[in-house]
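Please read the structure below before turning to the comments.
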Amino acid sequence: MEIFKKLEEYDYEELIFCQDKSSGLKAIIAIHDTTLGPALGGTRIWDYETEEEAVEDALRLARGMTYKNAAVGLDIGGAKAVIIGDPKKIKSEELFRAFGRFVEGLNGRYITGEDMNVTTEDMSYINRETNYLVGLEENSGNPSPVTAFGVFKGIQAGLNELYGSDDINGKTVAIQGLGAVGWPLAELLHEAGAKLIVTTRDQETIAKAEEELGATGVGLDEIYGVECDVFSPCARGAIINDSSIEQLKCKIIAGSANNQLAESRHGDILDEKGILYVPDYVVNSGGVINVIDDILGRKYNREKTLANAAKIYDSCKKVFAIAKRDNIPTYKAADIMAEERIAAVRKVKSIYNK
Ligand code: NAD
């Protein structure tokens, strides 16, 4: 692998390899861009087949974080860390503390948090060695309700764009996944008068949604083809693909799942089909907004956090405006919104100031 060529491709700043033989730690921290501020991105543990695969994943995810963090309108850059190995076998206090010491060594250039296979308990070990981390239970805690609220605002922005009104009352929303985000989202939508069609892996939760939220439960594969105003993917990525895209009968897609488009060309197809795609990393940015107080060393303030998450509505409207201005699909417009903000701030930062 030609590492520098790889870094040049999307202008990555730094790639750090962390090794500690005694704890067995093998970790990679990728810092993509710190124009806006310290680079934030969670740590995941994954049993990569090859080291190249781990590097590719860290780089790809770090770049994604730059765009997501920039689109939120906050002063943070993008990074990601991966720890290589089977999460069932490698986890130990020493491993997380060793990782924490590497994070501490970056002196705030990188701020970490939970991601796949890393739990709150694991984070508490990292925290013994560094304060450059977010999302601890005693600070901002579980981001999911704030993420759900942000998705709710993104759905309103989509409805406004299409129907000229934010009103959710009487609109049909199909939710894929009733987990930490999907469930509170379903509650918010129900309170606002939406008709819900839902699916999730466990039948008990579907039954609960039918009973408590008046939802209609459908099978896992049926959700794509239901007639609805909004399809809200809140389960997993790559669900807008060659097979699902044929079935969609929604007018808007807005959900929390990361990387919803299997390939970028699926964003073009949605555009051609006249389905308004509210880009995933804009609509699900409530999770990042939730940890801002942690980053700035402030006491967590729920009210202010929700007020910030409500601005996801404006960010979505801005994406739609750029899409119209440049005559491009919304997924490209979101990238442009993020790039324009980074370029503007880079310019501001060139003003001399001691
Ligand atoms: P979760 O694990 O709590 O919930 C996921 C739900 O999806 C589960 O209830 C599961 O039964 C269901 N599910 C899994 N596969 C499914 C399938 N094929 N069809 C239908 N349902 C299926 O996860 P979460 O925290 O709610 O996150 C949901 C998505 O949002 C993920 O993609 C996550 O990366 C993304 N996201 C979450 C946050 C957050 O704050 N939690 C922030 C940003 C993005």
Side-chain angles (χ1 to χ4, degrees), residues 40-44 46 57 60-61 64-65 67-69 71-72 74 78 80 113-120 123 134-135 137 139-155 173-189 196-209 213 215-226 231-241 243-244 247 253-262 278-292 294 302 305-306 308-309 312 315 334:
L40 172 72
T43 297
R44 69 171 48 175
W46 198 254
D57 209 28
R60 179 180 63 84
L61 293 165
M65 287 305 295
Y67 280 85
K68 180 172 186 152
N69 295 341
V72 183
L74 298 165
K80 202 84 185 183
E114 275 179 41
D115 199 75
M116 281 158 79
N117 299 317
V118 176
T119 64
T120 313
M123 289 303 290
V134 294
E137 227 28 83
N139 298 333
S140 60
N142 177 12
S144 309
V146 176
T147 305
F149 177 67
V151 176
F152 180 83
K153 299 309 287 182
I155 288 175
V173 184
I175 307 178
Q176 180 182 47
L178 291 175
V181 178
W183 182 267
L185 172 66
E187 287 180 324
L188 288 170
L189 291 166
L196 300 178
I197 303 175
V198 299
T199 191
T200 200
R201 283 215 174 273
D202 105 77
Q203 284 303 317
E204 266 175 41
T205 310
I206 294 186
K208 191 168 167 231
L213 310 175
T216 305
V218 297
L220 289 180
D221 292 332
E222 273 176 82
I223 197 79
Y224 301 110
V226 299
F231 170 48
S232 187
C234 296
R236 55 197 186 89
I239 37 74
I240 308 297
N241 50 43
S243 142
S244 66
Q247 304 169 50
I253 298 176
S256 73
N258 283 313
N259 305 318
Q260 291 169 25
L261 304 174
V278 191
D280 46 14
Y281 69 75
V282 180
V283 82
N284 73 15
S285 56
V288 178
I289 290 170
N290 193 55
V291 297
I292 279 307
D294 296 358
R302 187 65 156 199
T305 301
L306 288 175
N308 278 334
I312 288 174
S315 301

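First listed ligand is number 1; within each ligand, the first listed atom is number 1.
- Remark: the backbone N or O of Gly255 is paired with a side-chain donor or acceptor of Gln260 at under 3.5 angstrom.
- For atom 30 (O) of ligand 1, a protein heavy-atom neighbour is present inside the 4.0 Å cut-off.
- Among the candidates Val181, Leu196, Val151, Val198, the single residue satisfying the side chain to side chain contact (heavy atoms under 4.5 Å, CB included) test with Ser232 is Val151.
- At the top of the distance list for atom 4 (O) of ligand 1, counting protein heavy atoms only, stands Gly179 CA, 3.3 Å.
- The side chain to side chain contact (heavy atoms under 4.5 Å, CB included) test with Val146 singles out one residue from Thr305, Val291, Val288, and that residue is Thr305.
- For Trp183, the side chain to side chain donor-acceptor pair (under 3.5 Å) partners two or more places apart in sequence, or in a different chain, are Glu187.
- Of the N or O atoms in Ser256, one or more lie within a sub-3.5 Å distance of an N or O in ligand 1.
- With a heavy-atom cut-off of 4.0 Å, Leu220 touches ligand 1 through its side chain alone.
- If you run side chain to side chain contact (heavy atoms under 4.5 Å, CB included) between Ile155 and each of Ile253, Leu188, Leu185, only Leu185 comes through.
- Atom CG of Asn241 has more than 12 heavy atoms from other residues, nucleotides or ligands within 6.0 Å.
- Taking every non-hydrogen atom of Leu178 and a distance limit under 4.0 Å, the qualifying atoms of ligand 1 come out as 9 (O).
- Closest to atom 18 (N) of ligand 1, if we only count protein heavy atoms, is Arg236 NE, 3.1 Å.
- Taking each of Pro143, Gly150, Ala180, Ser144 in turn, the one with a heavy atom nearest to atom 1 (P) of ligand 1 proves to be Ala180.
- Close contacts between ligand 1 and Gln176 involve ligand atoms 19 (N), 20 (C) [criterion: under 4.0 Å to a heavy atom].
- You'll find the side chain of Asn290 stays beyond 4.5 Å of the side chain of Thr147, heavy atoms only.
- For the pair Ala235 and ligand 1, the shortest N or O to N or O distance falls below 3.5 Å.
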### Message
With side-chain contact (heavy atoms from CB on, under 4.5 Å) as the criterion, how do Ile197 and Glu222 come out once you've worked through the C-alpha distance, each side chain's angles and the decisive distance to 0.1 Å?
### Response
CA-CA 10 Å; Ile197 303 175; Glu222 273 176 82; over 6 Å; no
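- Heavy-atom separations between Cys234 and ligand 1 include at least one value shorter than 4.0 Å.
- The protein atom (non-hydrogen) at minimum distance from atom 43 (C) of ligand 1 is Asn284 O, 3.7 Å.
- Any N or O atom pair closer than 3.5 Å counts here, and Thr200 shares at least one such pair with ligand 1.
- Nearest heavy atoms, Val282 versus Ser315: CG1-CB, 3.8 Å.
- In the candidate list Val181, Thr147, Val288, Val283, Val181 is nearest to atom 26 (O) of ligand 1, counting heavy atoms.
- For atom 15 (N) of ligand 1, the closest non-hydrogen atom of the protein is Arg201 NE, 3.3 Å.
- Between the Tyr281 side chain and the Ala71 main chain, no donor and acceptor come within less than 3.5 Å of each other.
- Heavy-atom proximity to atom 33 (C) of ligand 1, evaluated over Ile206, Asn258, Leu185, is greatest for Asn258.
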